[in-house]
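Shown next, in structure tokens, is the structure this report addresses.
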Amino acid sequence: MVAATELIKPSDFKGGKPTWCPGCGDYGLQSAMRKALSNLGYSPEEVVIVSGIGCSGNFPHFQSTYGFHSTHGRALPLATGVALANPDVKVIAVGGDGDGYGIGVGHFIHAARRNLDITYAVMDNQIYGLTLGQASPTSQMKAITLTTPKGVDERPINPISLAIGAGASFVARGFSGEGAHLEKLLEAAIEHKGFSLVDTLSPCVTFNRLNTYDWFRDRVYFLEEEEGYDKADLSQAFVKSLEWNEKIPLGIIFEDEGASLQDLDRIISKGINPVKQKLGIDPAVTDMKKIFSEFK
Amino acid sequence: MVAATELIKPSDFKGGKPTWCPGCGDYGLQSAMRKALSNLGYSPEEVVIVSGIGCSGNFPHFQSTYGFHSTHGRALPLATGVALANPDVKVIAVGGDGDGYGIGVGHFIHAARRNLDITYAVMDNQIYGLTLGQASPTSQMKAITLTTPKGVDERPINPISLAIGAGASFVARGFSGEGAHLEKLLEAAIEHKGFSLVDTLSPCVTFNRLNTYDWFRDRVYFLEEEEGYDKADLSQAFVKSLEWNEKIPLGIIFEDEGASLQDLDRIISKGINPVKQKLGIDPAVTDMKKIFSEFK
Amino acid sequence: MHFEELKPGGILIYNKTARFSLDKYMSEIDAKRIIVLGIPLTKMAREINVKRPVLANTISIGALLEILGLETDGYLRVIEERFGKESIIEMNRQALIKGNNFIKENSDVRYNLNPPTLEPKANIVVNGNHAIAIGAAASGLKFLSQYPITPASSILSYLSQHAEDFGIVVRQVEDEISAITMAVGAGWAGVRAMTATSGPGISLMAENIGLAGITETPVVIVDAMRGGPSTGVPTKTEQSDLMPIVHVSHGEFPRAIFAPRDIEEAYTLTFKAFNIAEKYQIPVFILSDFTLSERLENVEEFDVNLKIDRGKILDPEQRYPDYHRYAFTDDGISPRLLAPHPDGKHVGVGAEHDLDSNSLAGSQAGLYKSRWMKEQMFNKRFRKLKVLEETDMDPPIWDGEDDADLTFICWGSATTAVKATVDYLNSVSDDMKFNLLSFSDMFPLPVEKVKQELAKIKTGVIVEINYTGQLEQLLKLYVDYSPNGHIRHIDGEVLTRTRLLQYLKELELEEGKIEYSYIRRTKDFNKKEVM
Amino acid sequence: MHFEELKPGGILIYNKTARFSLDKYMSEIDAKRIIVLGIPLTKMAREINVKRPVLANTISIGALLEILGLETDGYLRVIEERFGKESIIEMNRQALIKGNNFIKENSDVRYNLNPPTLEPKANIVVNGNHAIAIGAAASGLKFLSQYPITPASSILSYLSQHAEDFGIVVRQVEDEISAITMAVGAGWAGVRAMTATSGPGISLMAENIGLAGITETPVVIVDAMRGGPSTGVPTKTEQSDLMPIVHVSHGEFPRAIFAPRDIEEAYTLTFKAFNIAEKYQIPVFILSDFTLSERLENVEEFDVNLKIDRGKILDPEQRYPDYHRYAFTDDGISPRLLAPHPDGKHVGVGAEHDLDSNSLAGSQAGLYKSRWMKEQMFNKRFRKLKVLEETDMDPPIWDGEDDADLTFICWGSATTAVKATVDYLNSVSDDMKFNLLSFSDMFPLPVEKVKQELAKIKTGVIVEINYTGQLEQLLKLYVDYSPNGHIRHIDGEVLTRTRLLQYLKELELEEGKIEYSYIRRTKDFNKKEVM
Ligand SMILES: Cc1ncc(C[n+]2csc(CCOP(=O)(O)OP(=O)(O)O)c2C)c(N)n1
Ligand SMILES: Cc1ncc(C[n+]2csc(CCOP(=O)(O)OP(=O)(O)O)c2C)c(N)n1
Ligand code: SF4
Ligand code: SF4
Ligand SMILES: [Mg+2]
Ligand SMILES: [Mg+2]
């Protein structure tokens with residue numbers, strides 16, 4: 001991080017000109033992310049934003065940070081490789097609902113239980129945007145899409161329930177129509193030590209005519225304002241995760257403070273940064289005599 | 001199914017001689033499965049047992065039914081293809097914890113939400129058996145395995161919580177040391193209309209020295225005997241799913257009666273069996289004039 | 001300028017003058033993916049007659065006709081009828097041709113609008129994906145599992161929208177691994193099953209394509225190729241998955257690959273693909289590409305009554321006490337007996353296996369009988385490939401002049417541009433003859449037939465849309481043929497006649513340079529004019 | 001019989017007589033994967049001296065020495081010392097050789113127990129996986145992400161157990177897709193990263209190997225090949241992933257492939273693989289196989305101080321205002337500037353891209369500059385391959401007699417058996433000379449150097465452990481070489497000298513049959529004797 005004198009502004013995170021449709025929910029995540037990062041004092045070159053493929057996957061190109069726009073569904077493994085190779089950079093993964101909960105859901109489950117300290121922000125628009133409007137794993141039952149002319153006939157994924165079921169240590173929902181709230185969520189997620197999910201309701205104004213800004217505005221409420229809600233209570237969190245059609249909670253739904261993978265990995269936990277090590281056998285670290293003696 | 005006169009005995013399901021180690025938990029699933037199938041009146045040729053790769057993956061070879069021993073982690077997609085192509089056969093998928101909750105967990109999540117009427121029995125031994133003892137996604141934290149000399153450092157998957165989080169319509173846990181109970185569970189699972197998971201605690205006597213028959217016997221209890229437990233209550237089910245270290249519930253932890261994919265798919269729901277259709281354009285079904293006219 | 005009215009991906013033709021620049025519109029142009037074509041209309045008009053800049057209009061029409069792939073004859077007749085005066089007619093004729101030639105020489109943008117025919121009812125306007133989808137349906141597809149990807153997505157969306165019409169179980173699934181594995185399951189259960197994808201999906205499918213291979217399960221896989229590698233350029237075209245598919249999946253097993261040359265063939269080869277898949281019990285690939293899959297064309301209604309051949313499927317009403325799923329036969333093909341049948345019971349398996357599909361892995365591995373069986377199963381599977389090669393793989397086809405001085409060799413959708421080039425060259429050249437030899441049945445190459453055809457070539461130039469020359473590799477490998485030169489188009493755009501002529505001009509043929517007459521005639525040809 | 005004492009996978013040698021049969025033990029033998037070898041010991045003893053069936057013991061020792069790959073000289077000396085009487089010595093000598101020859105002629109089971117050397121301290125007993133693992137560690141591996149699979153698993157378990165010793169982040173991950181993608185992420189971040197697998201894993205990795213290709217990210221991928229296709233026979237050996245890896249992943253991008261011939265080379269080539277990966281910023285494959293990965297051998301301690309070459313990595317202490325991640329250079333290699341550095345910021349991307357890693361997909365696709373850039377990026381990447389080919393790929397190496405009548409051509413671990421065969425043939429033949437030419441640097445083949453060596457061959461026979469002749473395909477394709485004959489071993493077992501001699505006997509060389517002297521000498525050679 002940089003000295004307080006050269007304060008990093010959200011606009012310092014501006015990269016290439018976004019190609020999202022005007023009104024796309026992904027803009028909401030973008031501005032909240034820039035603010036959260038600048039609030040936390042990160043400078044662009046300390047941050048690596050990793051994405052998969054989708055409209056959402058283009059996110060890193062529009063920021064001035066380092067980034068990696070990987071393959072469809074593979075943002076989390078790619079981000080994991082970067083984070084473990086260089087613990088000094090801040091790694092944030094982003095993706096779409098198809099990318100993260102469809103083709104990539106296996107990695108999502110394992111990233112959750114691995115509890116590596118990275119943040120995963122999903123631009124959940126309940127549709128495949130980039131490929132022009134097919135059903136996604138979060139499309140509602142009966143939703144009419146390009147590939148479901150008679151309506152979706154598979155149960156949608158509830159990302160919050162799923163993440164809780166998978167043992168994630170930080171599970172939150174934001175809404176790109178609630179920028180200030182989303183910004184705070186992202187800050188908390190980035191600060192959380194371990195895997196943090198921020199499922200972001202991010203309307204696709206071009207292909208999802210069902211789950212619009214208005215649809216969400218009629219339903220969302222802030223969990224922070226709900227009295228007695230205890231985000232450390234797993235069972236309560238699961239019950240809360242089931243709310244959807246009538247009212248939709250925004251906020252940190254679950255958080256626990258267990259050890260992150262960085263705390264547990266046998267190398268990283270010692271404060272070693274792999275990318276800063278000299279290559280080759282260092283006799284101070286490696287006793288080749290001992291290594292070879294095992295084979296005698 | 002066959003006429004009552006030629007009653008099918010469990011031994012009619014005997015196939016090739018099992019190669020599992022003596023005492024392996026997988027024998028328990030095998031005999032419970034044979035009994036359940038014979039209780040329900042299935043004859044071997046009506047059943048297709050599909051597996052992935054692992055000690056567990058060899059299961060179909062030891063039965064006299066049809067079977068498919070597919071690739072690692074892909075039992076569920078393969079079973080899905082069979083079940084949708086021929087709704088007249090009874091499809092049962094089996095696998096190991098690595099196969100189903102590790103490499104195959106993405107398909108597991110989607111099979112759960114797809115709610116196709118197939119049964120998935122996982123021989124969960126919390127270890128990679130076939131490959132000689134590496135950690136599996138259900139290995140406990142700190143467990144010492146071939147690949148975790150200092151102990152597992154990632155949170156294990158709780159298959160029951162995960163299935164519930166994924167929206168599965170039937171979630172049960174059995175124990176291969178409790179054959180009669182497991183048999184009833186499998187019957188219920190096979191009878192359930194929709195995706196049914198039977199996570200079966202199935203000790204690996206060769207590589208898992210921690211989660212032994214005795215370890216489980218000290219902990220398991222039958223949910224059916226717990227008063228007031230309502231398997232239709234999702235929240236209660238989730239709370240129940242979290243029990244593990246002290247006591248481990250066996251039984252149907254959750255069940256709902258929603259429509260299965262067979263009820264909803266636009267072709268199968270009409271009672272059409274794809275494999276029995278004649279090939280080529282049938283003018284009674286297909287109006288080629290209409291088809292072509294769209295392109296004029 | 002009225003940019004709002006321009007459709008995304010549209011084409012903007014403007015009068016290119018020294019004073020006018022498009023620079024300030026470039027960001028809008030880029031965003032809308034508009035193709036820009038500057039033609040010095042006024043200048044050209046003045047070249048015909050300094051006093052008649054109005055000829056620019058006719059020049060632009062001449063240009064447009066070429067872009068739309070329409071003949072100039074009709075418009076020439078209109079001019080003749082409209083303008084009585086011969087000098088005016090002549091000026092307009094010149095203007096028309098001048099505009100037409102400008103495009104021929106300077107631009108590779110083409111929209112193939114076939115001219116309306118006399119019987120509009122029998123014709124349909126479809127793209128390659130429609131042809132594949134309808135071909136699959138007509139040949140008896142009963143199960144499609146697919147994951148969306150450009151440019152294969154419209155196979156899924158079209159068949160989703162017509163699932164009931166055709167009686168097909170259509171599933172959009174979680175990923176390509178699932179898509180292929182479900183299709184293998186369905187194919188094993190006995191239906192005609194298909195999946196469709198583009199390169200990234202093929203890569204993900206690799207492992208379970210091998211599962212189809214070793215279990216001898218029929219399945220059809222469409223690869224609508226796009227710009228690669230990796231994500232590449234998804235909306236652009238390449239023919240770069242041929243060799244990757246010849247070798248897709250670890251280890252060795254038979255497969256077949258077909259690459260339709262045009263829309264009609266996308267339909268007929270889909271039929272053939274299903275027949276071959278079932279007859280030989282192998283995975284069969286249809287290689288389309290962005291150009292073919294997404295280009296609309298006017299074609300005749302498809303014949304839905306082509307022959308269906310399911311190969312050796314046993315009558316379920318009979319009993320077969322001696323049934324062995326992988327029985328050894330002369331042609332390597334073992335009859336299938338579909339579930340549920342008491343005599344057909346077996347466990348399909350990705351491991352090597354014996355006649356009854358018992359696994360040779362695990363405790364059987366290394367036994368003398370297993371070693372022998374492993375050898376024999378390889379022989380059996382590859383016997384099928386040999387029979388397929390000799391029985392069902394068609395040789396490449398000729399077009400253009402017989403006994404030509406120069407033969408273009410090409411495959412799949414590149415054929416369209418090559419054909420246009422050959423026709424053009426033959427029309428402008430009086431001292432040389434050109435033709436083409438075009439492949440659709442790619443693998444296994446019918447070796448003897450291909451050799452026979454290649455032997456007729458005097459000077460051969462392979463034209464393909466990839467970097468490493470994949471057809472060239474295939475020909476080298478299987479028929480020991482090396483061309484005199486090659487043209488490899490890799491910029492992502494649809495290959496056109498104009499572009500091909502440019503390449504040809506730059507080509508130095510290995511066996512001494514041959515100067516072609518068309519080159520002399522088009523000396524002033526210069527691509528720098530195009531924006 | 002004491003079957004309990006036999007180790008699974010062990011070998012059972014028994015005195016084969018008319019009265020004794022193993023039939024009733026077969027299920028146990030199968031279950032334990034025991035290799036059974038019946039030798040008519042008594043009968044053979046009586047052939048030497050009808051009155052001395054006790055010679056059977058010496059016969060069995062002669063057999064054992066051959067199986068263990070040990071010389072007979074030492075034991076002959078023991079006999080000489082032990083038995084004073086010349087006739088007894090002679091009988092025992094005959095018995096020893098008889099037993100020895102029986103195995104030579106009838107069995108291909110071998111355990112390569114190198115004889116103990118004089119300096120036991122400097123030697124270690126390791127398998128190929130240990131050599132690769134230690135080679136990786138010594139060359140600076142900092143990140144291993146792997147999913148277990150036979151026969152690559154012990155790379156993961158060995159390095160898991162020594163993570164702290166070497167300072168390597170070792171992760172067993174959820175699948176092979178994750179394994180390769182994490183390694184690409186780590187490679188991009190700047191560490192030496194590796195993953196290891198077998199065929200099925202390679203197939204699953206295909207898509208993200210392409211991601212390494214287009215992003216020019218160094219990564220090392222070990223493929224310990226096993227019996228294929230699909231699940232195949234996991235505990236048996238094949239060399240059948242060479243061409244699948246030459247073409248792995250859709251589209252086209254440079255890669256390098258090395259196939260160690262033995263344990264020492266498994267170590268040194270791993271070093272080389274990491275240097276090449278970083279120098280050329282490409283994915284590099286190490287092709288091991290079941291035989292090499294799992295066979296223990298006695299070798300010298302590895303030299304941990306081999307040269308490390310990281311290629312063009314810029315000094316992080318400097319500023320680079322004009323930095324472009326994919327700057328065009330003569331050799332196609334663009335310097336890396338690792339994160340976090342203010343001048344190195346860019347977005348790695350699987351799409352085609354410009355010098356600064358801006359994507360050419362989406363709204364940039366098809367623009368004139370994008371088309372040009374796409375061409376240039378292909379040129380740039382393939383320029384690297386050319387430089388690699390000419391600079392760092394080593395030619396095949398010779399062994400055996402100079403100027404031989406027959407040359408065996410082979411690659412990777414098959415070299416061991418071929419070398420034993422060549423030595424044997426040279427020792428028994430006085431009228432013919434044999435040698436071998438063996439490849440380890442498989443792709444890109446150093447074309448000119450390879451051509452030079454191949455030109456020296458009189459009669460060439462390619463020996464490989466696969467069905468379709470993959471080295472043969474590679475040589476045809478890149479150096480236009482066709483052998484006079486080939487031997488393709490596909491039964492899954494380790495290739496041995498004995499087996500190779502059998503094949504050779506059956507071989508009919510294309511250019512007229514050549515009768516080799518060794519064939520005359522081994523006419524009674526008959527594999528039917530072996531169970
Ligand atoms: C392996 C692979 N399969 C399919 C695709 C095609 N594809 C690109 S984006 C996408 C889905 C995008 O949906 P989502 O993740 O929800 O992102 P969105 O565009 O809605 O932000 C698909 C299927 C691909 N690029 N790679
Ligand atoms: C694609 C692929 N990766 C890895 C393997 C190797 N492999 C075979 S079984 C197995 C794990 C088995 O563990 P589990 O699923 O728990 O089954 P178990 O043997 O314990 O019953 C692995 C990693 C494989 N066959 N295919
Ligand atoms: S298509 Fe939808 S998701 Fe994609 S940029 Fe447009 S509004 Fe956003
Ligand atoms: S290794 Fe374990 S899981 Fe495999 S058969 Fe033996 S006891 Fe069962
Ligand atoms: Mg989406
Ligand atoms: Mg297991």
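So you know, we letter chains A, B, ... as the sequences are listed, proteins then strands, and number each from 1.
Along residues 196-203 of chain C, the residues that come nearer than 4.5 angstrom to chain D, judged on non-hydrogen atoms, are C:Gly199, C:Pro200, C:Ser203 in order of number.
Note: C:Asn379 CG to D:Tyr467 OH = 3.5 Å, rounded to the nearest 0.5 Å. Summarising the geometry, atom CD1 belonging to C:Ile490 is positioned 14.0 Å from atom CE belonging to D:Met377; distances are rounded to the nearest 0.5 Å. Once rounded to the nearest 0.5 Å, the distance linking OG1 of D:Thr235 with CD of C:Gln364 reads 11.0 Å. Considering CE of C:Met243 and CG of D:Leu477, their distance stands at 6.0 Å, rounded to 0.5 Å. The structure places OG of D:Ser230 at 5.5 Å from NE2 of C:His250, a figure rounded to the nearest 0.5 Å. Going from atom CG of D:Leu242 over to atom NE2 of C:His247 covers 9.0 Å, rounded to the nearest 0.5 Å.
Between C:Ile214 and D:Thr231, the closest side-chain pair of non-hydrogen atoms is not below 4.5 Å. In this structure the side chain of C:Pro229 reaches within 4.5 angstrom of the side chain of D:Arg381, judged on heavy atoms.
Contacts with chain C were tallied for D:Met225, D:Met373, D:Glu352, D:Met205; D:Glu352 has the most, counting heavy-atom pairs under 4.5 Å. The choice from D:Asn466, D:Val248, D:Leu360 that makes the most heavy-atom pairs within less than 4.5 Å of chain C is D:Asn466. Of the listed residues D:Ser249, D:Gly213, D:Pro234, D:Ser359, the one with more heavy-atom pairs under 4.5 angstrom with chain C than any other is D:Ser249. Of the listed residues (C:Glu207, C:Glu472, C:His353), the greatest number of heavy-atom pairs within a distance under 4.5 Å of chain D belongs to C:Glu207. With chain C as the partner, the residue from D:Pro244, D:Gly210, D:Ser370 showing the most heavy-atom pairs under 4.5 Å is D:Pro244. For chain D, the option among C:Gly366, C:Gly227, C:Gly492 with the highest count of heavy-atom pairs below 4.5 Å is C:Gly366.
Neither the backbone nor the side chain of C:Gln239 comes within contact range of chain D; no heavy atom of the residue lies under 4.5 Å from a heavy atom of that chain. For a residue to count as touching a neighbouring chain, one of its non-hydrogen atoms must lie under 4.5 Å from one of that chain's; by this rule D:Asn208 does not touch chain C. If you measure heavy-atom distances from C:Arg226 to chain D, you find no contacts under 4.5 Å at all. With a 4.5 angstrom heavy-atom cutoff, C:Ile177 touches chain D only via side-chain atoms. Proximity to chain D is absent for every atom of C:Asp223, based on heavy atoms less than 4.5 angstrom apart. Only the side chain of C:Lys236 has a heavy atom closer than 4.5 Å to any heavy atom of chain D. Contacts between C:Glu238 and chain D at a heavy-atom distance below 4.5 Å involve the side chain alone, from C-beta outward.
When every heavy atom of C:Gly251 is checked against every heavy atom of D:Asp241, the shortest pair comes out as N-OD1, 3.0 Å. Shortest non-hydrogen contact noted between D:Ser240 and C:Glu252 is CB-OE1, 3.7 Å. Taking all atoms of both residues into account, the shortest heavy-atom contact from C:Gly232 to D:Ala361 is O-CB, 4.1 Å.
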